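Keep in mind the model is a prediction, meaning the values are calculated, not measured. Whatever order the structure lists ligands and atoms in, that order sets their numbers, starting from 1. One-based numbering along the sequence shown.
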Amino acid sequence: MTCDLINLATTGVAGLHPYQPGKPVEELERELGISNIIKLASNENPLGSGVKAQLALSSTSNLSRYPDGNAHDLKMALAGRHGVNTDQITIGNGSNEILELITRAITGPQHEVIISEHAFAVYSLVTQAVGARAVVVPAKDWGHDLSAMQAAANENSRIMFVANPNNPTGTWQNIQSLRTLLESCPEQMVVVVDEAYFEYVDEDDYPNCIQWVNEFPNLLVTRTFSKAFGLAGLRIGYGISHRDIADLMNRVRQPFNVNSLALSAASAALGDIDHLQQSVSLNQAGMKQLTTAFDNMNLQYIPSVGNFICVDLQTTGQSGIEMYIQLLHQGVIVRPIDNYGLPNHLRITIGLKQENEKFIQALESVLTGLDVGA
Ligand SMILES: *Cc1c(COP(=O)(O)O)cnc(C)c1O
């Protein structure tokens, strides 16, 4: 019998490709024969995790027991922090899992999911995995065009994903535009506002959508411990919503989806104000350092409120991939984003001061080399 196992894929899965993670730094160092490579490619916290989270990790014992599947302690802490009830909170294996849970819980092949052009890749992945149709709405000034997204909604639309701010572009939506969206969207469509970079944003007009979950029953807000809290390796994030939405996600969630180390580190990290403040101010200074350098080099960039920034290489005659490879040989890993429909941009994660400096020097040196060759 000859059976092509690949043909077993469901329609949605047949069109998916496995995620290509970046190579480990050590492997690249061996391949390129250089050392001290720095990685500014995954929007991780350059300070690492905080002391309180590390202490919580080293004092977590009973690893032979299953974790608290209901995440009681962390939910209590989050409920207090955000002024919501614990039954409105869903804890995920990274906030990516929350995005997947809501999609699996309420969408099927007959449904549509509304996503912006250049939006975070996970939205279309989870949509396609359940066989739903992703409706991709053209971006406006690199960001989400919320009124066009709202206009795309119909009775088959089940989810709209709004990244605020968006990764990779760093663009954001203000209070008024998000409220207008929520007020005009059909109630049977869940609006997921992904606030993975919330803690970094310092704009008066930037909304904290968690404050609105009791007003809009179809609103789901997601946050993560992976970015400003520095716990990406532990995989933990959460969603806050109406309790019925939390109930639906709880039905498809694995009983022990988040491990005990992640749960205790996250609770501790929530209380580590110093680490959070240091992370945020380091990011602000680093953002300034990079934008100043880009200005000096006459390079355009997309203004970003996250811990990363997209620089436009159009004027250099280099594509993002070409520049990425040249920077790699200078010992700096950044992120080409051609797969986001941005072939002329590179996304750089804000690093430590000396890492940013190394990146700036590497970029200058590549650009100088280009001038000489021209
Ligand atoms: C990094 C990121 C996340 C968070 O992913 P985790 O699964 O929590 O690590 C979610 N949304 C966006 C837009 C991101 O960039």
(request) Just need the protein heavy atom nearest to atom 15 (O) of ligand 1, so name the residue and atom and give the distance. (result) Y197 OH, 2.6 Å
(request) Work out whether the distance between some heavy atom of A196 and some atom of ligand 1 is less than 4.0 Å. (result) yes
(request) Indicate yes or no: does an N/O atom of N167 lie under 3.5 Å from an N/O atom of ligand 1? (result) yes
(message) Among S95, S226, A163, G92, which one puts a heavy atom closest to atom 9 (O) of ligand 1?
(response) S226
(request) Supply the atom-to-atom distance K358 NZ to L352 CG, rounded to the nearest 0.5 angstrom. (result) 12.5 Å
(request) Report, in ascending order of atom number, the atoms of ligand 1 lying under 4.0 Å from any heavy atom of G94. (result) 6 (P), 7 (O), 8 (O)
(request) Examine E97 against ligand 1 and note whether any of their N/O atoms are separated by less than 3.5 Å. (result) no
(request) Between D194 and ligand 1, find which residue part has any heavy-atom pair under 4.0 Å and reply side chain, backbone, both or neither. (result) side chain
(request) Report the relative orientation of the aromatic rings in Y238 and H82; use parallel for angles under 30°, tilted for 30 to 60°, perpendicular for over 60°. (result) tilted
(message) Counting neighbours of CG on N296 that are heavy atoms of other residues, nucleotides or ligands and sit closer than 6.0 Å, is the number greater than 12?
(response) yes
(message) Give me the nearest non-hydrogen protein atom to atom 1 (C) of ligand 1 as residue plus atom name, then the distance to 0.1 Å.
(response) K227 NZ, 1.2 Å
(request) Taking atom CD of E215 as the centre, report whether more than 12 heavy atoms of other residues, nucleotides or ligands fall under 6.0 Å from it. (result) yes
(request) Look at atom 7 (O) of ligand 1 and say which protein heavy atom is nearest, naming residue and atom and giving the distance to 0.1 Å. (result) R235 NH2, 2.7 Å
(request) Return yes if some donor-acceptor pair links the side-chain N/O of N93 with the main-chain N/O of N257 below 3.5 Å, else return no. (result) yes
(request) Look at the aromatic rings of Y66 and F256 and report parallel, tilted or perpendicular, splitting at 30° and 60°. (result) parallel
(message) Residue-level breakdown please: for F225 versus ligand 1, do any non-hydrogen atoms fall below 4.0 Å on the side chain, on the backbone, on both, or on neither?
(response) neither
(request) Side-chain contact test, heavy atoms from C-beta onward, threshold under 4.5 Å: evaluate it for Q88 versus N214 and give yes or no. (result) yes
